[in-house]
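Whatever order the structure lists ligands and atoms in, that order sets their numbers, starting from 1.
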Amino acid sequence: MKCIKTSLFAFTALLTISCTSQKENASLKDAYKDDFYIGTALSADQIEQKDQKEDSLIRKEFNAITAENIMKSMYTHPQKDKYDFALSDKFVEYGEKNKMFIHGHTLIWHSQLAPWMEKIADSTEMKAFMKDHITTIVSKYKGRIDSWDVVNEALNEDGTLRQSVFLKTLGEKYLVDAFKLAAKADPKAELYYNDYNIEEPAKRAGAIALIKKIKAEGGKVDGVGIQGHWRLQSPSLEEIEKSILEYSALGVKVAFTELDITVLPNPWDLKGADVNQNFEGSAKMNPYPKALPDSIQNKLAERYASIFKLFLKHKDKISRVTFWGVHDGQSWLNGWPIKGRTNYPLPFDKQLQHKPAYESILQLKESKQ
Ligand code: 9MR
């Protein structure tokens, strides 16, 4: 294991000490085994175990998996009468072989739909689609996929319902229907509502209302997935903590399902910046094309440490924390919201080396032992 040579926080020398105390064979999943699952999102190549080094890292560090893309409807259900389970079969076999918790992402989502689905314009056809889609996929993996994102990203930022193709054709009822269909197909699978920014007050209020409504109408909701596409400075720990408490008060588990922390400037934060302006190729927006400076590396480690400290405080309410990708080189944040940047949002760098962020997450457990 690589050690950090300097102290990460000005106020503590804890991590310097950790250099000597952490064992070569330490891993995130083992360190947190009594707390919650530590997951990662797998690309198609990772599911197919194309890179041996990446594969051993995945098996060493993580005990929960999500498919980053291949289980989205455009891939699993490309035509009305055609499903394609070739890669999702491999994904599930991989999880079983390695005794991992297997999460299904995702059943009902307005994005990454197959072109034929986008053309569905009336309620009868949409109802038939939802029934066939959810029943076929969930039944196929009954007893093998442990939990599902049944509905993904149904909310707007102000907490109102997104005008998706599902809402337009079926009205609000599509939400409870989706959860009922999934529960019928696999009564034992854990069913989640998953979304981003639902730790922010307005959207959180919308998510709470949505979960309450689905439950009141007889749907089974076991958990809420807070995606966790976060930044160095925001959201605040206070809002994250309030979210854990308020969701868990609904009687559902809380999972952090797509955790990553961008270290790059955000075009929407720039005063007067036009979001539609083309920032591609701008050095200002891609400040660390070669390497992340120590100062930012340490900020990232500190941010991860404070987040995981909060997660540990509420481990009784948290079922799983999944990173959105195995290493920085794979992250979607290299291509969004501006293409062609170099971002550093995960605990492993693109050479698969532990970053100070990794050490800081492990250190929280080591200091307690
Ligand atoms: O990481 C995924 C990226 O490779 C895809 O291009 C993108 C397409 O929408 O989806 C990304 O994953 C998203 C996830 O499925 C749902 N929440 C937001 C994630 C990041 O966009």
List by chain and number: which residues place a heavy atom under 4.0 Å from ligand 1?
Glu68, Asn69, Lys72, His105, Trp109, Gln112, Asn152, Glu153, Gln227, His229, Glu258, Trp324, Trp332
Would you find more than 12 non-hydrogen atoms of other residues, nucleotides or ligands less than 6.0 Å from Lys180 atom NZ?
yes
Atom of Asp222, atom of Lys220 and distance for their closest heavy-atom approach:
OD2-NZ, 2.7 Å
Pick one: which of Trp336, Phe256, Phe323, Trp332 meets ring pair (Phe, Tyr, Trp, His ring centres under 6.0 Å) with His229?
Trp332
Above 12 or not: heavy atoms from other molecules or residues under 6.0 Å from NZ of Lys253?
no
Under a 4.0 Å N-O cut-off, is there an ion pair linking Lys203 with Glu157?
yes
Determine, for Tyr32 and Lys365, whether the Lys NZ or Arg CZ falls below 6.0 Å from the six-membered ring centre while staying within 45 degrees of the axis.
yes
